[in-house]
Amino acid sequence: MPVAHHPHTLGDGLVPLINKLQDIFSQAGVDALGGELELPQIAVVGSQSSGKSSVLEALVGRDFLPRGPDICTRRPLVLQLVHTPYHPGSTHHAPAPSEWGEFLHLPGQVFTDFEAIREEIEAETTRGVGSNKGVSEKQIRLKICSPHVLTMTLVDLPGITRVPVGDQPVDIEKQIRTMILSYIKRDSCLILAVTPGNSDLANSDALTLSRLVDPEGKRTIGVITKLDIMDRGTDAMAYLRGEVVPLKLGYVGVVNRCQQDIAQRRSIREARQSELEFFRHHPSYGEVAQHCGTEALGWTVSRILGEHISELLPALTDKIVARRNEAQRELASLGDGRPDDPAQQAAMVLEKLHGYAARFTKAVAGKNEDLNTTALEGGARIHYVLQDIFVKGLESLDPTRAMSEEDIRTAIQNSAGTKAVLLLPEEPFEMLVKQAIRKMTEPCQKCARLVHDELTRIARQLIHSLDLQRYPRLAQSVEDATKDFLNEGLVPAESMIASLVECQLAHINTSHPEFVGGSKALRLAQVEVATRRGGAVLDGETNENDVKSPGGTSRKVLGEKTNSVLSDSDVEKKKPTASSLYSHDDGVVTLREPPGKLQASQPKTDEEMLQVFVTRILLGSYFSISRGILTDTVPKAVMHFLVNSVQRGLQQHLIQSLYHPNVVNSLLTEHPETEAKRQSAKAKYAALSSAASAIGGMPSELASAGAGRR
């Protein structure tokens, strides 16, 4: 049995460090972090009745594990063995114990009675799993300090079972195998595979699982138990030599107490002596006796674990530092939360309102620090709405294109009423041009609404990108206040646009320098009439077929055959026949009532055609002028009342709407998930900082031993 004074091993310095890291993560409530970092450990794996519990008790030198015919280990037991060749201290009333245990869930409570340790393991198991025979992944952490143990950490996992008994779940085997694999699949975990010597090693449950994750046997230590009850004439030398299932770390044979020894309370010290005698005098195990037995197993496990930790320590240190930096960034992104001081709360709200308004102005002006290269955003989208959608859309509108010559002829006759139509009809021109101008009202108003929607989009994106989402009430209030501000700008913008259109309707300025004019329109119309009739065109008149629009583009206003004068036969077909309007009977003419719907007749004389062509030319020319004015003034109105007002007054509006002493506190109410995330990030950061400090405080010779194995 190991004694208080034993040679110093690498594990004596490194295993307590890993134990401390495990305790830090467990106490901080971030046990999962220990799994993510893959702390080095040894998992004890074996089937029920393989002698797994007896091996652990032999290493400790005490009876402390639950026993029984059914499954006893139902939660992973993290067993931290700490060699203490000294007393932890003494009091005035009693000397300090030489052996004791401590549970992590009962900090500060020392157990010197190992029977009480067994009872607490059973009680904590029941508290976590219940009284049935089910299993749980929640760990129980037990530290045992004794001068009779070697420093190491073992994880006792539930024994592998195949058939559920009692009230065990029907998938108990799958649950246990899944739990075991969750530990041993990590490369940082060594596997202590326990197999009875009187069973077939090739079909060992423990080795079968270990080979799934460690097929080359690089991190598996084999333990052969029950060598003393093998069939007479047989031995386990082939197992111990690694001839059946080779393992790089080898095998260790042990002899545990039998059930009768346990029932008769035979001490482990006596069992150790019997084990020593067994290997010393057994004819088959003489050559491996020094490598067998519980004491040899303890030294082997402690040495291998120390070397394993030393090899993984540098990478583990890097992981801890990297995770700590991640936790620090996460904590910074979550902020400090709502301050308790009302003055600080008011200052925080004011700062956030100012920051939001400044970011809004930058987004509209295109001054964002994170320039998007994949899509238009912010002010660029507003420019796209104004120029590519509104201006180009309005320029594509030509109301004369949808008017046939018959429509124009009808308008001319309706405007004349009972009078005859003169050569240059002024009234139908004004009526038709006003109709055309009114058609631009809706797209002009739609332009303002589209820009308003883009500004609302910017507001929504900013609220999501900034940390305002941490405060749901503040975020919603800022969004609502911004919408109110933009709506206040939309009303005068729409009113101004309506006035701009009304101004175009209020006065038809035929003296505009770009307007084609009556005389020129007449000449152009005469050219068209001559062309239609197939006559000759006078010199100097053939180049006046195109009318320049205000934008400088040429637009064909005449000569399109789609609206040309119909042939005489077509005219005769469309207009009422003489027999339908009147009839002759015995030299007397009888007049009939006109039909319900009358249409103007197609122009037949040159004068009638001139009236149609002149009206069309004047209409197209003046509409082009009004369209150019609106494409220039409407975007200016939108910019003034909607876009530029953001820079002028958004911040002040937000302060006036939200910066009130009686609402500041409620505005900073966080979402419950945010507070939970902050507390989790704080715990994680504190645990990782403590872990980094623990590694930093490691003796230099141990640190160099780990670095030397990189």
Side-chain angles (χ1 to χ4, degrees), residues 1-7 44 46 48-69 72-73 77 79 81-85 87 97-101 111-119 121-122 142 144-152 154 156 159 192 194-198 223-232 235-236 240 251-286 288-302:
M1 174 181 293
V3 294
H5 300 286
H6 70 287
V44 184
Q48 287 189 34
S49 304
S50 63
K52 183 166 58 69
S53 296
S54 296
V55 169
L56 294 176
E57 289 183 332
L59 290 173
V60 176
R62 289 296 199 117
D63 294 313
F64 68 98
L65 292 175
R67 291 184 176 275
C72 298
T73 304
L77 175 64
L79 183 60
L81 304 182
V82 181
H83 177 76
T84 54
H87 295 303
S98 60
E99 294 180 281
W100 74 95
F111 289 79
T112 57
D113 183 358
F114 280 75
E115 185 63 31
I117 291 178
R118 185 204 312 273
E119 293 174 356
I121 293 175
E122 293 175 344
L142 171 62
I144 293 180
C145 301
S146 170
H148 307 301
V149 299
L150 291 171
T151 300
M152 67 181 75
L154 305 166
D156 183 22
L192 198 66
V194 181
T195 305
N198 58 352
V223 179
I224 308 299
T225 62
K226 302 184 180 183
L227 296 178
D228 56 328
I229 60 173
M230 295 183 66
D231 292 341
R232 184 172 298 180
D235 58 55
L240 297 175
Y251 291 84
V252 178
V254 296
V255 174
N256 299 324
R257 293 177 299 169
C258 63
Q259 194 61 39
Q260 182 179 0
D261 293 337
I262 296 172
Q264 295 177 355
R265 295 188 176 276
R266 186 186 183 192
S267 69
I268 294 180
R269 183 184 295 270
E270 294 175 347
R272 286 276 193 91
Q273 188 61 36
S274 297
E275 180 188 48
L276 182 62
E277 294 297 326
F278 173 82
F279 284 111
R280 183 177 297 169
H281 297 99
H282 194 284
S284 300
Y285 301 123
V288 295
Q290 69 231 18
H291 302 300
C292 291
T294 302
E295 184 174 350
L297 176 62
W299 284 105
T300 300
V301 171
S302 180

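Worth saying up front: this structure is predicted, and the values here are computed from it rather than measured.
- Side-chain contact between N256 and V55 is present, with at least one heavy-atom pair separated by less than 4.5 Å.
- Counting only heavy atoms from C-beta outward, the side chains of Q273 and R269 never approach each other to under 4.5 Å.
- Using a 4.5 Å cut-off on side-chain heavy atoms (C-beta onward), S54 and T225 make no contact.
- Of all the heavy atoms in L154 and M152, the pair that sits closest is CD1-SD, 4.0 Å.
- Of the residues listed (D228, V288, L227), the one engaging F279 in a side chain to side chain contact (heavy atoms under 4.5 Å, CB included) is L227, and it is the only one.
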*Are V60 and L79 close enough, and set up right, to give a side chain to side chain contact (heavy atoms under 4.5 Å, CB included), and what steps lead you there?*
CA-CA 10 Å; V60 176; L79 183 60; 4.1 Å; yes
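- Shown here for S98 and P147, the closest heavy-atom pair between the two residues is O-CD, 3.1 Å.
- A distance of 3.5 Å separates CZ in R266 from OG in S274, rounded to the nearest 0.5 Å.
- Of all non-hydrogen atoms in V82 and V149, the two that sit nearest each other are O-CG2, 3.5 Å.
- The residues R118 and D63 are annotated as not salt-bridged, no charged nitrogen and carboxylate oxygen being separated by less than 4.0 angstrom.
- In plain terms, the two heavy atoms of E57 and F64 that are nearest each other are OE2-N, 3.1 Å.
- Using cut-offs of 30° and 60° on the angle between ring planes, the pair F278 and Y285 is tilted.
- The side-chain contact (heavy atoms from CB on, under 4.5 Å) check on V252 picks up V254, L297, T300, with sequence neighbours excluded.
- Remark: the S284 side chain and the D235 side chain contain an N/O donor-acceptor pair separated by less than 3.5 Å.
- Of all heavy-atom pairs spanning K52 and T73, the tightest one is NZ-OG1, 4.3 Å.
- I224 and G197 get closest at one heavy-atom pair: CG2-CA, 3.6 Å.
- Here the side chains of L59 and V301 are not in contact, with every heavy-atom distance at 4.5 Å or above.
- Between R257 and I268 there is a side-chain heavy-atom pair separated by less than 4.5 Å.
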